[in-house]
Amino acid sequence: MTRPDIRSQTEREIQRQFEVWREPSYRVRQLLHWLYAGRAASWDEMTNLPKSLRQRLGETYTLAWPELARRQGARDTTQKFLWRLADGALIESVLIPASPALYGEPSDRHTLCVSTQVGCAYGCKFCASGLDGWKRHLRVEEIVNQVLAVERLEGGGGRTINNLVIMGMGEPLANYENLLPALRILNAPWGGKLGARKITVSTSGLAPQIRRLADEPQQFRLAVSLHGATDQTRGRIMPINKKYPLGELTAACEYYQEKKGRMITLEYILIAGVNDGLDQAPPLARLAHRLRARVNLIPCNKVEGLPWERPSEAAQEAFLAALERQKVAATLRREKGGEIDAACGQLRLKTERMFQRL
Ligand code: SF4
């Protein structure tokens, strides 16, 4: 029988196991402290747990920890972490220092973007993650550990990450069964202690799972990768639009908004000559008003192997101004990670291809 990973277990599950072992309840608190505040990477680090208990834990559970394969970027800029998992799979997390334009927060705040799958099956035409197809879902602990491993590397024992966006490699809501337990652990007072409103789940538009997420008790934020305000334009770059066209997607988002309030952001990657035409601004504004959503405009990055171009700055500003004229709360993001391959999937792809060439 395969052992579960300790960081896939809830406090209640660990308590039950400790009761069976006749361990006092304070040992549960000590263990949880090592797992989350202490970000322990091995049982041996848990020095105030008796050796016999550590051994028993090691026989019952795994304690996975990702290996840092590569790191790009400087401490005060966007940093990209490439992790090698136990089976050799590579995944990425990106740490982005906050800019007031983006979040209205002081600059000591950091946002971490984490992955949920190895590769991606959704094949959005502008994205490097899907270029080599889908490999597997990440397990609960593999999602949780990205947060803990970055905080451990950034050091200090304090809190580095104030915002979490589930927007890295993979379609998060396609891995719902592992994502939600991971988010509950990261949100729990005994676990990651991250407020639900500080956690944004991104999706390319899986309408049924958006409704399911709306029915969860936690107030997670939702970011919808729209990238086109009409079925024709969106369908050109997002194959998912065939399965869940805008009408269906919008109805699911409306359901989310009714349940959660003002929690939706519409992500819109601006691609020259594809979706940056001003004809897209009025339907985008209508959608934003209907969903009471803000719009994040993201000029696209050049991705090796893909033909898309970033619009000129004038075209970006014109699109923003067209939305603002229609009273949409919109921001234009200067992609901070452009120079270090921060578009999702790029670093993994480059490294994998490099390894293939060796
Ligand atoms: S944008 Fe997201 S959903 Fe689309 S291919 Fe990339 S990782 Fe997958």
Side-chain angles (χ1 to χ4, degrees), residues 80-83 89-94 96 111-138 142-143 146 164-176 178-179 182 200-210 213 221-229 231 233-246 248-249 252-253 264-271 274-275 295-308 310 333 335 337-338 341-353:
K80 191 149 195 171
F81 302 87
L82 187 74
W83 308 109
L90 293 166
I91 57 158
E92 304 169 351
S93 319
V94 182
I96 310 151
T111 295
L112 185 73
C113 175
V114 301
S115 297
T116 51
Q117 299 182 309
V118 183
C120 186
Y122 286 80
C124 303
K125 299 276 191 283
F126 48 84
C127 172
S129 287
L131 280 180
D132 280 356
W134 179 83
K135 304 229 164 90
R136 70 171 174 89
H137 290 311
L138 292 190
E142 290 171 332
I143 299 170
Q146 291 172 64
L164 187 62
V165 293
I166 318 299
M167 205 180 269
M169 196 194 312
E171 163 52 58
L173 293 184
N175 187 12
Y176 200 98
N178 291 336
L179 174 68
T200 302
V201 178
S202 163
T203 179
S204 62
L206 272 62
Q209 284 91 331
I210 290 175
L213 192 67
R221 294 181 185 277
L222 181 69
V224 178
S225 299
L226 199 68
H227 312 324
D231 279 322
T233 298
R234 189 166 194 264
R236 232 180 116 186
I237 44 179
M238 300 193 70
I240 183 82
N241 199 68
K242 276 198 191 66
K243 195 160 183 199
Y244 303 117
L246 276 172
E248 211 171 325
L249 173 60
C253 291
I264 299 181
T265 303
L266 299 175
E267 304 283 344
Y268 198 102
I269 288 186
L270 285 168
I271 308 173
V274 175
N275 65 355
V295 174
N296 240 348
L297 298 174
I298 310 152
C300 84
N301 271 328
K302 185 85 195 128
V303 174
E304 216 180 292
L306 295 179
W308 313 114
R310 172 187 282 246
R333 189 193 300 181
E335 276 278 88
D341 305 329
C344 61
Q346 277 174 284
L347 184 61
R348 176 188 72 107
L349 211 64
K350 266 193 184 170
T351 306
E352 271 186 358
R353 287 185 178 166

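All ligand and atom numbering here is 1-based and tracks the order in the structure.
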*Is the closest heavy atom of G170 to ligand 1 under 4.0 Å?*
yes
_Using the side-chain contact (heavy atoms from CB on, under 4.5 Å) definition, which of the options D231, N241, V224, I240 pairs with L249?_
V224
*For the residue pair W134 and H137, does the interplanar ring angle fall in the parallel (under 30°), tilted (30 to 60°) or perpendicular (over 60°) class?*
perpendicular
*Which atom names give the shortest non-hydrogen contact between Y122 and S204, and what distance separates them?*
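Looks like CD2-OG, 4.2 Å.
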*Could you list which atoms of ligand 1 come closer than 4.0 Å to a heavy atom of C120?*
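Close to C120: 3 (S), 5 (S), 7 (S), 8 (Fe).
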_Show me which atoms of ligand 1 lie under 4.0 Å from any heavy atom of G123._
5 (S)
*Identified side chain to side chain donor-acceptor pair (under 3.5 Å) partner of T203 from the options E171, Q209, E267*: E171
_Any N/O/S atom, side chain or main chain, of C127 closer to atom 8 (Fe) of ligand 1 than 2.8 Å?_
no
